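Naming: A, B, ... by sequence-line order, numbering from 1 per chain. Model, not experiment: these values are computed from the prediction. Just so it is clear, the values below take in all heavy atoms, side chains as well, and ignore hydrogens, waters and symmetry mates.
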Number of protein chains: 2
Amino acid sequence: MRKTSKLSEVAKIAGVSPITASRAIRGVGYVSESARARIMEAAAQLNYTPDMLARRMRGDKSNLIGVFVNNYGSLVLHEVTRAISAEARARGYDILLFNAERFDSPARAGTVDMLSKLCDGLLLVMPNGADGYLDVLEQHGMPCVLVHYDARTVQLPVVALENRNGARLAVEHLLALGHRRIAFMAGTSHTGQSDEREKGYKDALRAAGIRADASLVVGGAFNQAAGNAAARQLLELRRPPTAIFAANDEMAYGAIDAIHSRGLKVPADISVIGFDDIPLSSHVFPPLTTMRQPLAELAARAVGDVVTLAQGGTVAPVKTAFPMELVIRQSTGPVLARTAGEK
Amino acid sequence: MRKTSKLSEVAKIAGVSPITASRAIRGVGYVSESARARIMEAAAQLNYTPDMLARRMRGDKSNLIGVFVNNYGSLVLHEVTRAISAEARARGYDILLFNAERFDSPARAGTVDMLSKLCDGLLLVMPNGADGYLDVLEQHGMPCVLVHYDARTVQLPVVALENRNGARLAVEHLLALGHRRIAFMAGTSHTGQSDEREKGYKDALRAAGIRADASLVVGGAFNQAAGNAAARQLLELRRPPTAIFAANDEMAYGAIDAIHSRGLKVPADISVIGFDDIPLSSHVFPPLTTMRQPLAELAARAVGDVVTLAQGGTVAPVKTAFPMELVIRQSTGPVLARTAGEK
DNA sequence: ATGAAAGCGCTAACAG
DNA sequence: CTGTTAGCGCTTTCAT
């Protein structure tokens with residue numbers, strides 16, 4: 001690997017000391033016109049670029065925001081990071097996305113540590129509440145904001161969704177359509193979001209005077225495969241649900257697949273509602289009724305907060321929850337007379 | 001920000017010199033049992049983590065692969081990076097994803113440079129052929145592999161798709177269904193992929209003895225919005241096409257939308273075929289006929305190549321193109337008698 | 001207007 | 001077995 005040119009080389013060619021060259025290149029302090037000219041000339045000739053690694057080691061800014069994610073691959077995550085990326089760049093920051101299942105594994109500790117040194121601020125997207133790294137960060141004082149997190153309280157600003165309330169709204173929509181036997185498909189409980197959504201589901205049922213039926217709560221992961229499996233399980237019940245509330249859109253897709261492959265129709269036989277409203281939900285068949293999250297506002301807030309922190313400002317370590325909006329498309333419909341009567 | 005503990009502190013507590021502490025912690029060289037115990041004890045107590053930045057500045061490995069992308073946001077890109085990420089982690093590397101429109105902007109140069117110093121190897125996914133950074137990399141000697149690139153030749157290994165051939169196959173499928181008036185929706189020409197696909201489209205038409213009609217080549221970006229706009233444009237033609245070949249799946253989704261919103265049906269009125277076969281293409285309506293890329297193999301090869309390079313091995317600077325496979329679903333069908341007769 | 005010294009945190013090479 | 005010296009590339013004092 002060809003060595004990249006360094007400041008001392010530039011300085012030598014220009015016939016000055018490294019520090020003078022440094023000043024000229026950064027444009028600070030006094031440098032005579034002639035010296036400056038020679039230095040710039042030499043730098044151009046050598047194609048010199050300052051070594052940010054070295055600068056950073058001395059504590060300078062990097063203009064980089066680190067985005068830490070786990071389970072890279074989910075579509076919501078993709079949408080969230082995309083929004084964050086757009087927002088960050090609009091503010092003059094670049095994004096460094098780091099993917100790790102957990103951040104507290106000893107093998108990863110060094111990397112994580114280095115990245116947090118490298119970046120001016122950190123955004124943890126959908127972090128695992130059980131991850132010990134959260135505690136490290138909490139004490140560390142590093143500018144850091146949690147995004148899409150709804151688990152145990154940490155002393156860090158959190159930008160999240162009104163998961164519980166949004167879920168209640170979703171189920172109320174189903175209730176309003178006459179459904180009484182409503183299933184919930186849960187994701188993982190890593191971030192706490194699924195748990196909150198489940199609470200909202202139960203809130204709505206309780207308010208409607210419907211007793212919870214444990215066999216109607218299924219699932220286990222936020223992806224299509226899990227949604228598919230969970231739906232199959234529901235369909236095999238002696239009394240299957242007439243409607244399914246999936247903890248996210250991707251699970252809903254999987255559920256719809258399972259229903260179709262049983263020869264049943266959505267929403268004629270079973271209604272399905274998702275959560276997140278990722279862009280593709282209006283393209284699947286049938287177009288998915290779901291709860292929309294205000295992605296842009298959320299990203300703007302998250303990035304705004306880290307940037308404030310990174311620039312020495314203060315942000316209270318509290319959770320800001322954004323409201324969800326019901327988007328009615330075609331995967332939900334009134335409960336059929338025959339099924340409704342069955343109850 | 002609380003300073004993180006450093007080696008010298010550990011050493012002081014353990015009553016040894018920094019270098020001895022270093023040896024004990026890395027497990028190299030001779031350290032007496034008693035000293036080692038005291039050092040580990042102190043390190044644990046201080047929660048010491050080595051500063052990889054400092055290590056890296058001395059030229060050590062980081063076990064990180066940098067993935068540089070532009071236009072972060074596209075779903076194909078997401079799938080590709082996801083596959084790369086999985087593959088890299090399976091080999092013990094972590095991924096650092098860096099998003100920038102271009103890598104040669106002066107403002108970004110420092111960051112780009114730093115990242116390439118930081119990472120053991122680089123993967124440029126869908127790079128812009130016009131980006132001057134490619135030339136820098138070419139000379140630089142940094143372990144680096146291009147992924148999904150089909151533009152001007154550079155002296156770097158490239159892992160790509162059989163774009164031209166795959167496109168030909170796609171159009172031949174349409175031809176076999178009786179279509180004669182076939183449109184092509186192009187993406188951007190940044191990576192050269194769209195251009196190659198267009199060549200394949202023309203190859204197939206020519207082989208079938210159909211004269212190219214410039215009004216049937218539309219588009220301009222690899223996303224839904226562009227696909228939508230392009231399809232509207234096609235539908236307004238005096239003689240609209242009976243089939244559309246979109247340069248990627250996302251454009252195809254947009255096209256299908258446009259067709260539906262005109263009150264037409266896919267494939268009854270117009271057939272649509274995509275390119276890439278991202279997972280969602282089997283869930284949209286109608287399920288999309290498309291060309292599948294061997295994602296896992298591709299990622300395995302790309303990661304395998306950088307890792308080889310990073311470990312001092314050699315990889316020839318040539319392009320490896322992976323074949324595409326036709327996946328027939330329900331968005332393509334035989335041309336209708338009335339339309340076919342029209343010609 | 002310019003430079004020398006010192007240090008960021010770590011470790012290879014070379015003494016003890 | 002352990003410590004000293006030196007240096008990665010840069011920049012902030014503090015001179016001159």
The reported gap from CG in Asn47(A) to CD in Gln139(B) (rounded to nearest 0.5 angstrom) is 8.5 Å

Rounded to whole Å, please give me the gap between OH in Tyr48(A) and C1' in dT11(D). 10 Å

Separation of dG9(D) atom P from Lys117(B) atom NZ, nearest Å, is 8 Å

So which protein nitrogen or oxygen atoms get under 3.5 Å of nucleotides 3-7 of chain C's nitrogens or oxygens?
unit_1: dG3(C); atom_1: OP2; unit_2: Ser17(A); atom_2: N; d: 3.0
unit_1: dG3(C); atom_1: OP2; unit_2: Ser17(A); atom_2: OG; d: 3.1
unit_1: dG3(C); atom_1: OP2; unit_2: Thr20(A); atom_2: OG1; d: 2.6
unit_1: dG3(C); atom_1: N7; unit_2: Arg23(A); atom_2: NH2; d: 2.6
unit_1: dG3(C); atom_1: O6; unit_2: Arg23(A); atom_2: NH1; d: 3.4
unit_1: dG3(C); atom_1: O6; unit_2: Arg23(A); atom_2: NH2; d: 3.3
unit_1: dG7(C); atom_1: N2; unit_2: Arg58(A); atom_2: NH1; d: 2.7

Within this structure, what is the CG-to-P distance between Asp51(B) and dC8(C), rounded to whole angstrom? 12 Å

Hey, could you give me each pair passing side chain to side chain donor-acceptor pair (under 3.5 Å) that has a residue in residues 58-70 of chain B? Not counting sequence neighbours. Ser62(B)-Asp120(B)

Whole Å only: how far is the NZ atom of Lys61(A) from the C1' atom of dT12(D)? 17 Å

Considering the terminal five base pairs at each end of the helix from dA1(C)-dT16(D) to dG16(C)-dC1(D), what angle separates the two local helix axes, rounded to 10°? 50°

Of all residues at least two apart in sequence or in a different chain, which pass the salt bridge (Lys or Arg N to Asp or Glu O under 4.0 Å) check with Arg89(B)? Glu101(A), Asp94(B)

NZ of Lys6(A) versus P of dG7(D): gap in Å, rounded? 11 Å

Could you tell me how far apart Leu53(B) (CG) and dG9(C) (P) are, to the nearest whole angstrom? 11 Å

Just to verify, what does Lys319(B) make a salt bridge (Lys or Arg N to Asp or Glu O under 4.0 Å) with, not counting sequence neighbours? Asp150(B)

State whether Ser22(A) places a side-chain N or O below 4.0 Å from either non-bridging phosphate oxygen (OP1 or OP2) of dT11(D). yes

Return the OH to CE distance between Tyr72(A) and Met126(A), rounded to the nearest 0.5 Å. 12.5 Å

Within residues 25-44 of chain A, find the residues that approach DNA chain D with a heavy atom at under 4.0 Å, and present them sorted by residue number. Arg26(A)

